[in-house]
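Written below as C-alpha cells is the structure these notes are about.
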Amino acid sequence: MSRRSSDLRRPSRRRWFSSAWVWLVAGGLGVLLLLVVLSREKLPRSTPPLARQKLYNPSVIEGLNVTDDMLSPYSFTRQIVDQITLAKTLVVVSKDSNNLQFAAELSSQIQKCQAILSTAAMMETSLMMKEMEEAIRDMGLLLYQAQQLHYDSATMIMKMKGQLLSLDEKMKFETEKSTKYGQIAAEELPKGLYCFGIRLTMEWFRNRNLQRKLSEGRHTFEKLRDNSLFHFCIFSDNILAASAVVNSTSMNSKHPEMVVFHLVTDEVNYAPMKAWFSMNNFQGATIEIQKVEEFSWLNASYVPVLKQLQNSETQSYYFSGSGDKRTPIKFRNPKYLSMLNHLRFYIPEVYPALQKVVFLDDDVVVQKDLSELFSINLNGNVMGAVETCLETFHRFHKYLNYSHPLIRAYFDPDACGWAFGMNVLDLREWREKNVTGIYHYWQDKNADHSLWKLGTLPPGLLAFYGLVEKLDPEWHVLGLGYTHVDPLIIKNGAVLHYNGNMKPWLKIGMEKYKGFWEKYVDFSHPILQQCFIHG
C-alpha cells in the first residue's frame, strides 16, 4: 500500500513542476518584451535624409531670388556660383598685378559658366552633370593656378584694402566737387532775377507815379512805431524772395492791415525793391524799405565783422581760399561778411522804437496767421526759437570748437541748437541783457577763427546762450532746401524754411516743395513774364 501511495504521488509533483516552468518562461518573455518596448520609446526618432531637410530658415531668404538648388551644399549650381564669385575677385586682382592674360582666361571661363546657368534657366531644365562637372573642373584649375601665382587670401585682402582706400579718396573728391558746384549754383543769381532787378530799376526812375505813391505813403510813419501792431523784419537782397515772404504773411493773416514789414536791403537793390513794393498791394500791409548803407553807426569801429574785413589775412581767408582747407566750402563764402547777414544782431538799434519783432529769413514762406507769436510769453528770455536738437548734429559741439578753453569752459557741448529763420524777439530784454555786446565780445575772440569757422548761427548760439525760449516745432519747419520732410509736418507748419542750397527760385530747387512757395508769386505779372520767370 505504501509503495502504491508513493507511486501515486510522483506524477503530481511532476505536473506541478512543469506548470511552474511554463509560467516562469512566459513571465520572462513578457518582461523582455516590456523592456524592448520601453527602450524603443527612449530612442530618438529617425530623421529624414539630409537632402530632404530645409537647410535654411524660409523667413531669412524671404524676398530673395534664390532656389533650393542654389542653397543646397550638394548642388552643382551652388558650386559653380561660388566659383564665379571668387573668380570675379581674382580678375580684379590679376589686372592690378598686370597679369592680363590670366585675367582674360578667368573672364572667359566666367562667361562660359554664366552661359551654362543662363541656358538652363531659360530652358527650365536641370543642369547636365557631365557639362557641369567639366565647367567646375576647368574653373577649379584656374583657381588653383591663381594660388600658385600667390593670389591667396592675404594678398587679395591687401589689394582690396588698397582699392577701397582709392575708391574712398575718389568718392571724397567727387563729393567735394559736387558740393562746390551745388554751392556755386546756389550763389549765382539766375538770369531771370537779374533781369527782374534791372527792369524794376528802370521802372522806378522813369515812372514818377511810383515815387509819388511812395512819398504819399509817408503818413504811415506812425504805424512803423506802433507797438500794438505786428512787426516783421527781413534783411535781403532778393526782391522776389522777400516779396513771397511778405505776400504769404499778409495773405494768411487774419488782420493784414495790422501787419507791418520792415525791409532792409543794399544800395544795388534799393531802387528795384522800392519799385516792386510800390506797384503791388500786399493785402493792405504796411511796408518800410531801408538800405543798410544808411546806418551810419554800422562802421568798422563798432562792428567786429567789418573790422575783421579790413584785415588782409581775413580777406585772404574769405576770398583767395588760402585758409584752412578742412573748412567746408559752404562756410568759405564771402556772403557771410555781408552786413545784411549780420544785421540780425543789431535789430534793437535798427528799430529803436519797437519792443517786439518777428525776424524772418527771405527763404521762408508763411502758411498760417502769425499774430499769436506776439502774445507768446518768453518768460524773461530774449528770443523765442524752435530747437533743432532731435539729432546730435544740431548740438553745440557740432558748431563750436570745444578744444578751445573758452568754449569748453562756458558752454555745454550737448546743449540744444536752434534755428534762425523765424524768431520772436523781445527787444526790451535784448537791450537790458546787452545781447549785441555779448555778440561783439565773441566776434572779437574769434578774430582768428579758432572758436568757430564761419556763419551767423555759431555766434548766435553764443550770444543768446541761456536766453532762448523753446517754441512749438510747428511754428518753424526746416529742411525744405536740402532734405525730405514729412508731408504731415509740412501741412501743420506755420513757417516753411527752405534752408539749404536748393532754394525754390532756383532750378536746383526740390520740385515737390516749390509749389508751397510759387503759390505766393504772381507769375502773370508783366515784368516777370518779360524776364521769363515762371512757375
Side-chain angles (χ1 to χ4, degrees), residues 213 217 219-236 240-264 276-289 347 351 353-379 381 383-386 419-428 469-478 480 485 487-498 504 513 515-525:
K213 182 179 179 181
H219 67 277
T220 61
F221 177 75
E222 291 302 321
K223 276 192 170 183
L224 301 179
R225 305 165 59 89
D226 188 348
N227 282 290
S228 66
L229 302 179
F230 308 131
H231 294 269
F232 300 87
C233 62
I234 305 174
F235 309 136
S236 174
L240 198 61
S243 174
V245 179
V246 174
N247 198 27
S248 61
T249 305
S250 57
M251 284 182 65
N252 289 292
S253 175
K254 295 177 181 178
H255 303 284
E257 72 282 357
M258 296 183 65
V259 171
V260 180
F261 265 98
H262 305 266
L263 273 64
V264 180
W276 180 253
F277 284 97
S278 297
M279 66 174 60
N280 291 281
N281 178 23
F282 295 89
Q283 308 295 316
T286 301
I287 301 170
E288 175 193 31
I289 301 173
I347 292 176
Y351 310 111
L354 298 182
Q355 298 176 357
K356 207 165 195 177
V357 169
V358 170
F359 168 78
L360 294 174
D361 264 334
D362 64 0
D363 57 351
V364 307
V365 67
V366 178
Q367 294 192 127
K368 297 182 179 180
D369 178 50
L370 300 184
S371 59
E372 291 182 27
L373 289 172
F374 293 86
S375 59
I376 289 179
N377 184 3
L378 297 181
N379 297 309
N381 289 306
M383 176 191 289
V386 170
F420 270 130
M422 194 294 294
N423 307 93
V424 184
L425 301 169
D426 187 328
L427 302 187
R428 292 168 299 184
E469 181 71 15
K470 180 172 68 173
L471 299 181
D472 189 310
E474 290 187 355
W475 281 114
H476 187 188
V477 176
L478 296 129
L480 277 75
V485 185
L488 183 60
I489 293 177
I490 293 177
K491 180 181 178 181
N492 295 330
V495 175
L496 306 182
H497 196 169
Y498 292 84
Y513 298 143
F516 301 113
W517 182 84
E518 290 176 345
K519 66 190 293 187
Y520 297 107
V521 178
D522 181 12
F523 292 103
S524 65
H525 195 284

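Just so you know, residue 1 is the first one in the sequence shown, and it goes up from there. Side chains are part of it too, since the values below use all heavy atoms of this structure and drop only hydrogens, waters and symmetry mates.
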**OP:** Determine, stepwise, if the pair Leu229 / Leu224 fulfils side chain to side chain contact (heavy atoms under 4.5 Å, CB included).
**Re:** CA-CA 9 Å; Leu229 302 179; Leu224 301 179; over 6 Å; no
**OP:** Under the side chain to side chain contact (heavy atoms under 4.5 Å, CB included) rule, what do Val477 and Val495 come out as? Steps first, then yes or no, please.
**Re:** CA-CA 6 Å; Val477 176; Val495 175; over 6 Å; no
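Taking each heavy atom of Ala385 and Ala419 in turn, the nearest pair found is CB-O, 4.2 Å. Looking at every heavy atom in both residues, Cys233 comes nearest to Ile347 through SG-CD1, 4.0 Å. Between Pro473 and Val386, the shortest heavy-atom distance links the atoms CA-CG1, 3.9 Å. Of all heavy-atom pairs between Phe523 and Glu518, the closest is CE1-O, 3.6 Å. The heavy-atom pair separating Leu478 from His476 by the smallest distance is CD2-NE2, 3.7 Å.
Here Ile287 contributes atom CD1 and Asn280 contributes atom CG; the two are 9.0 Å apart, rounded to the nearest 0.5 Å. To the nearest 0.5 Å, atom CE of residue Met251 and atom CG of residue Asp369 are 13.5 Å apart. We find the CG-CD1 distance between Leu480 and Ile490 to be 4.5 Å, quoted to the nearest 0.5 Å. With rounding to the nearest 0.5 angstrom, the CG atom of Asp472 is 10.5 Å from the CD atom of Glu372.
With sequence neighbours excluded, the residues satisfying side chain to side chain contact (heavy atoms under 4.5 Å, CB included) with Ala244 are Trp517, Val521. Residues passing the side chain to side chain donor-acceptor pair (under 3.5 Å) test with Ser375: none are found, sequence neighbours excluded. For Phe282, the ring-ring contact (aromatic ring centres under 6.0 Å, His included) partners two or more places apart in sequence, or in a different chain, are Phe277. Residues passing the side chain to side chain donor-acceptor pair (under 3.5 Å) test with Tyr520, sequence neighbours excluded: Asn252. Applying the side chain to side chain contact (heavy atoms under 4.5 Å, CB included) rule to Asp522 yields the partners Ser524, His525; only residues at least two apart in sequence or on another chain are considered. The salt bridge (charged side-chain N to carboxylate O under 4.0 Å, His left out) search around Arg225 returns none, not counting sequence neighbours. Looking at residues two or more places apart in sequence or on another chain, you find a side chain to side chain donor-acceptor pair (under 3.5 Å) between Asn379 and Asn377, Glu469. In this structure Asp226 satisfies the side chain to side chain donor-acceptor pair (under 3.5 Å) test together with Ser228, sequence neighbours excluded.
Within the 3.5 Å criterion, the main-chain N or O of Ile489 finds no donor-acceptor partner in the side chain of Asn492. A donor-acceptor pair under 3.5 Å is absent between the side-chain atoms of Ser253 and the main chain of Thr249, judged by distance alone. A donor-acceptor pair under 3.5 Å is formed between the side chain of Asn281 and the backbone N or O of Gly284.
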Expected list for residues 255-263: side-chain donor-acceptor pairs under 3.5 angstrom, two or more places apart:
{"from": "His262", "atom 1": "ND1", "to": "Glu288", "atom 2": "OE1", "distance (Å)": "2.7"}
{"from": "His262", "atom 1": "NE2", "to": "His231", "atom 2": "ND1", "distance (Å)": "2.9"}

What donor-acceptor contacts under 3.5 angstrom involve side-chain atoms of residues 353-365, with partners at least two apart or in another chain?
{"from": "Lys356", "atom 1": "NZ", "to": "Phe374", "atom 2": "O", "distance (Å)": "3.3"}
{"from": "Lys356", "atom 1": "NZ", "to": "Ile376", "atom 2": "O", "distance (Å)": "3.1"}
{"from": "Asp361", "atom 1": "OD1", "to": "Arg344", "atom 2": "NH2", "distance (Å)": "3.4"}
{"from": "Asp362", "atom 1": "OD2", "to": "Ser236", "atom 2": "OG", "distance (Å)": "2.6"}
{"from": "Asp363", "atom 1": "OD1", "to": "His497", "atom 2": "NE2", "distance (Å)": "2.8"}
{"from": "Asp363", "atom 1": "OD2", "to": "His497", "atom 2": "NE2", "distance (Å)": "3.3"}
{"from": "Asp363", "atom 1": "OD2", "to": "Lys503", "atom 2": "NZ", "distance (Å)": "2.6"}

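Side-chain contact between Leu373 and Trp475 is present, with heavy atoms from C-beta onward closer than 4.5 Å. Phe420 is listed as a side-chain neighbour of Met383, based on a closest heavy-atom distance under 4.5 Å. Side-chain atoms of Tyr513 and Pro504, non-hydrogen and from C-beta on, never get closer than 4.5 Å to each other. In this structure the side chain of Val264 reaches within 4.5 angstrom of the side chain of Tyr351, judged on heavy atoms.
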